[in-house]
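Reviewing the structure listed below.
The structure presented is a predicted model; accordingly, all values stated were derived computationally and were not measured. If you read the sequence from its start, that first residue is 1, and numbering goes on from there.
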Amino acid sequence: MSVMSITTAHYLLQAHWQVPSALRLQSAQSSWLLETDSLTARLKSRCRQFRVQVLSEQCHPLPESLQAQLAGAEDALLREVMLHCDAQAMIYAQSWLPVSTLAAIEPLAGLGDQPLGEFIFRHPELQRGPIEVAELDARQLTLASSVSEPGLWARRSVFWLAEHPLQVVEVFMPEVYQL
């Protein structure tokens with residue numbers, strides 16, 4: 001398994017994001033892509049062993065395309081993790097956490113191998129923006145040495161913890177639809 005690169009992060013930013021109603025999704029895809037509760041909780045309920053593998057955590061200038069969505073932030077922590085269910089990679093998650101959000105909500109800066117979803121879904125002032133989805137070309141991603149299908153589905157949304165934004169992008173491995 002390769003670590004994602006900033007090039008892959010930019011590929012995800014430039015994907016053709018759409019509202020889910022614009023696409024014909026299979027019911028298994030729709031069930032996962034449109035899940036409004038925690039994906040971490042859903043994965044944990046379907047496997048014996050859940051694990052977060054931290055691939056990378058690095059500060060980067062926030063891409064211009066995200067600055068307006070994330071309240072004009074300029075720098076952010078790009079956190080990339082793989083969520084595993086019974087030793088199988090299921091979901092790649094990429095989070096853009098503005099430095100101002102990290103300063104205001106300190107536990108976000110030190111999550112380590114703890115899932116972001118567990119923290120944000122317990123936050124009393126959580127709000128979520130609309131979910132957008134995209135079909136990605138697996139060949140453009142360094143998610144795994146061999147992905148069984150050429151197209152991978154992803155979703156993204158902006159979360160607000162009180163007045164502090166962060167964006168999460170999740171890419172679903174084909175095996176997740178079997179859970």
Side-chain angles (χ1 to χ4, degrees), residues 1-58 66 77-97 108 111-122 126 128-159 166-179:
M1 179 111 22
S2 302
V3 171
M4 292 298 238
S5 66
I6 192 68
T7 304
T8 298
H10 284 282
Y11 169 74
L12 291 175
L13 289 171
Q14 297 168 7
H16 183 60
W17 295 100
Q18 302 176 65
V19 295
S21 61
L23 300 167
R24 289 180 182 246
L25 299 169
Q26 297 174 5
S27 70
Q29 293 166 333
S30 181
S31 172
W32 283 93
L33 289 165
L34 304 182
E35 175 67 63
T36 57
D37 291 326
S38 169
L39 287 179
T40 297
R42 186 168 178 183
L43 282 175
K44 283 183 167 186
S45 74
R46 287 172 165 73
C47 61
R48 291 180 304 279
Q49 184 181 33
F50 173 83
R51 178 174 66 95
V52 175
Q53 176 188 10
V54 178
L55 303 173
S56 175
E57 282 188 336
Q58 298 176 2
L66 286 181
L77 176 68
L78 173 58
R79 174 181 159 93
E80 299 170 290
V81 301
M82 186 66 75
L83 305 180
H84 293 265
C85 191
D86 296 329
Q88 175 70 48
M90 293 290 178
I91 298 173
Y92 160 79
Q94 175 190 94
S95 306
W96 288 94
L97 302 130
L108 290 175
L111 287 173
D113 62 359
Q114 298 304 304
L116 174 65
E118 277 187 354
F119 179 82
I120 65 174
F121 279 93
R122 287 188 304 218
L126 173 67
R128 181 184 206 150
I131 293 174
E132 297 177 301
V133 297
E135 187 172 17
L136 308 173
D137 181 349
R139 297 169 299 181
Q140 300 295 320
L141 303 171
T142 54
L143 289 169
S145 56
S146 61
V147 174
S148 61
E149 297 182 20
L152 296 175
W153 286 97
R155 72 178 192 172
R156 72 176 182 181
S157 53
V158 173
F159 291 88
L166 60 105
Q167 184 190 60
V168 177
V169 178
E170 293 140 333
V171 180
F172 297 81
M173 301 300 109
E175 295 79 8
V176 79
Y177 306 121
Q178 306 307 311
L179 294 178

Checking L33 against I131 for the side chain to side chain contact (heavy atoms under 4.5 Å, CB included) test, could you report, in this order, the C-alpha distance in whole Å, the side-chain angles of both residues, the deciding distance, and whether it holds? CA-CA 8 Å; L33 289 165; I131 293 174; 5.9 Å; no
Looking at every heavy atom in both A15 and A134, which two are closest together, and how far apart are they? CB-CB, 4.1 Å
Where V54 and D113 come nearest, the two heavy atoms and their spacing: CG2-CA, 3.9 Å
Does R79 use its side chain to pair, donor to acceptor, with the backbone of G112 at less than 3.5 Å? yes
Could you walk me through whether W153 and L25 pass the side chain to side chain contact (heavy atoms under 4.5 Å, CB included) check? CA-CA 10 Å; W153 286 97; L25 299 169; 3.7 Å; yes
Rounded to the nearest 0.5 Å, what separation is found between the CD atom of Q53 and the NE2 atom of H84? 4.0 Å
Is there side-chain contact between Y92 and L152, with at least one heavy-atom pair below 4.5 Å? no
Just how far is it from atom OG of S56 to atom CG of L77, taken to the nearest 0.5 Å? 8.5 Å
Could you tell me whether the side chain of V176 reaches within less than 4.5 Å of the side chain of L83, counting heavy atoms only? no
Verify side chain to side chain contact (heavy atoms under 4.5 Å, CB included) between T40 and L116, making sure each step is shown before the conclusion. CA-CA 9 Å; T40 297; L116 174 65; over 6 Å; no
Determine, step by step, whether F121 and L39 satisfy the side chain to side chain contact (heavy atoms under 4.5 Å, CB included) criterion, reporting the C-alpha distance in whole Å, the side-chain angles of both residues, the deciding distance to 0.1 Å, and the verdict. CA-CA 10 Å; F121 279 93; L39 287 179; over 6 Å; no
Reported SG-to-CD distance for the pair C47 and Q88, which is rounded to 0.5 angstrom: 11.0 Å
Partner of R155 by salt bridge (Lys or Arg N to Asp or Glu O under 4.0 Å), out of E170, E132, E135: E170
Which residues satisfy the salt bridge (charged side-chain N to carboxylate O under 4.0 Å, His left out) test with E118, sequence neighbours excluded? K44
Which value, rounded to the nearest 0.5 Å, describes the distance between E80 atom CD and Q58 atom CD? 7.5 Å
Tell me, do Q114 and V52 make a side-chain contact under 4.5 Å, heavy atoms counted? no
Any luck finding a side-chain donor-acceptor pair between Y177 and Q29 under 3.5 Å? no
What distance do L166 atom CG and L66 atom CG have between them, rounded to the nearest 0.5 Å? 11.0 Å
Nearest 0.5 Å, what's the OG-CD distance between S95 and Q167? 9.0 Å
Got a sec, which pairs hit salt bridge (charged side-chain N to carboxylate O under 4.0 Å, His left out) with one end in residues 31-40, sequence neighbours left out? E35-R42
Heavy-atom distance under 4.5 Å between the side chains of L78 and W96, does that happen here? yes
On a heavy-atom basis, the closest approach of A154 and L136 is CB-CD1, 3.6 Å
